[in-house]
J.: 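Pasting in a structure now, in structure tokens, and then I'll have a few things to ask.
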Amino acid sequence: THDPEAMTKEVYYWSAMIDGVCHKCPQQSSVIVVGTHADLLTRSQLTRQLAQLRSIAEAAISYQKLVSVLALNVTKAYSGEMDQFLDQLCTLNKDVLSMSPPISMMCHMMLAFLKGKIPNPDVDAISLSDLIEYLKADQDKLIDPDSAVIVPILKTLSEKGLIL
């Protein structure tokens with residue numbers, strides 16, 4: 001939001017929510033504040049908004065540990081900002097991630113795409129070239145249609161038994 005008052009209310013709301021959930025944790029929880037729709041702002045607007053968001057977050061987050069403030073372009077899941085966010089999230093949650101199977105957000109997105117975006121749900125098999133064409137035609141453009149990106153995602157899904 002461009003409204004500083006609304007942004008302040010939202011950050012304080014979520015800070016209180018996090019404090020309420022984490023009040024019995026043995027240590028401070030790490031908090032990453034994420035602003036969305038960075039693609040709708042010019043670089044100077046984005047810089048101002050991030051500075052303002054950081055200032056609000058530093059004031060609001062008193063019991064937990066503010067790690068970073070990021071702005072994401074929500075129209076591209078494979079943006080550099082998303083990579084930075086996921087790297088920080090994974091680094092902060094090593095203990096949790098070590099207990100769960102390693103499947104990335106991109107894998108989840110690919111599964112959702114395969115289940116919902118393929119034109120003919122009766123199709124049991126799809127070639128890599130057809131998948132790339134479907135991804136290129138997708139209006140959301142959430143998954144990079146480059147085979148160098150797609151193949152590792154498909155390999156992970158296959159190793160987990162989610163696709164053949």
Side-chain angles (χ1 to χ4, degrees), residues 1-117 135 138-146 148-157 159-160 162:
T1 180
H2 292 288
D3 178 12
E5 189 175 317
M7 191 183 328
T8 301
K9 281 183 178 180
E10 286 182 39
V11 171
Y12 273 88
Y13 169 82
W14 287 109
S15 176
M17 181 71 74
I18 292 167
D19 288 344
V21 170
C22 299
H23 74 281
K24 290 186 178 181
C25 291
Q27 61 191 27
Q28 286 182 312
S29 295
S30 298
V31 177
I32 301 172
V33 176
V34 179
T36 59
H37 302 288
D39 51 306
L40 301 178
L41 302 173
T42 65
R43 184 156 309 274
S44 63
Q45 289 173 321
L46 182 59
T47 301
R48 266 193 316 277
Q49 286 277 29
L50 281 175
Q52 186 176 26
L53 185 56
R54 176 172 285 287
S55 175
I56 293 167
E58 286 171 347
I61 299 171
S62 53
Y63 298 111
Q64 308 307 324
K65 181 176 139 193
L66 177 64
V67 176
S68 67
V69 177
L70 302 171
L72 299 179
N73 174 348
V74 296
T75 62
K76 295 181 186 173
Y78 53 90
S79 66
E81 295 88 5
M82 183 60 81
D83 290 342
Q84 179 185 4
F85 170 66
L86 291 174
D87 286 347
Q88 287 185 359
L89 192 60
C90 290
T91 301
L92 293 172
N93 294 296
K94 284 181 193 170
D95 296 338
V96 174
L97 290 173
S98 68
M99 295 182 292
S100 61
I103 183 161
S104 74
M105 182 183 82
M106 293 303 292
C107 290
H108 289 287
M109 291 173 60
M110 180 63 80
L111 271 178
F113 182 84
L114 290 170
K115 289 179 180 177
K117 299 279 184 160
L135 289 169
D138 182 38
Q139 291 177 348
D140 295 332
K141 304 288 186 218
L142 292 175
I143 301 172
D144 189 345
D146 181 2
V149 172
I150 297 169
V151 170
I153 294 170
L154 295 174
K155 181 177 184 239
T156 301
L157 289 173
E159 288 171 352
K160 299 293 174 199
L162 298 169

J.: Which heavy atom of Asp144 sits nearest to which heavy atom of Ile150, and what is that distance?
T.: O-CG1, 3.6 Å
J.: Let me confirm one number: the CE-CD1 distance from Met110 to Ile143, rounded to the nearest 0.5 Å.
T.: 4.5 Å
J.: Measure the CD-CG distance between Glu58 and Leu53 for me, rounded to the nearest 0.5 Å.
T.: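 Here the rounded value is 10.0 Å.
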J.: Check whether any side-chain N or O of Ser55 sits under 3.5 Å from a backbone N or O of Ala51 as a donor-acceptor pair, and report yes or no.
T.: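 A pair under 3.5 Å: no.
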J.: Is there side-chain contact between Leu66 and Arg54, with heavy atoms separated by less than 4.5 Å?
T.: yes
J.: Rounded to the nearest 0.5 Å, what separates atom CD1 in Ile56 from atom CD in Gln49?
T.: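 Going from the CD1 atom of Ile56 to the CD atom of Gln49 covers 8.5 Å.
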J.: Donor-acceptor check, side chain of Ser15 to backbone of Val11, threshold 3.5 angstrom: yes or no?
T.: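 No; zero donor-acceptor contacts below 3.5 Å.
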J.: Tell me the closest heavy-atom pair linking Leu41 and Gln45, and the distance in Å.
T.: CA-OE1, 3.5 Å
J.: Quick one: which of Leu70, Val67, Ile61 gives a side chain to side chain contact (heavy atoms under 4.5 Å, CB included) with Val33?
T.: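 Exactly one pass, corresponding to Ile61.
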J.: So how far is it from Ile18 CD1 to Tyr13 OH, rounded to the nearest 0.5 Å?
T.: 10.5 Å
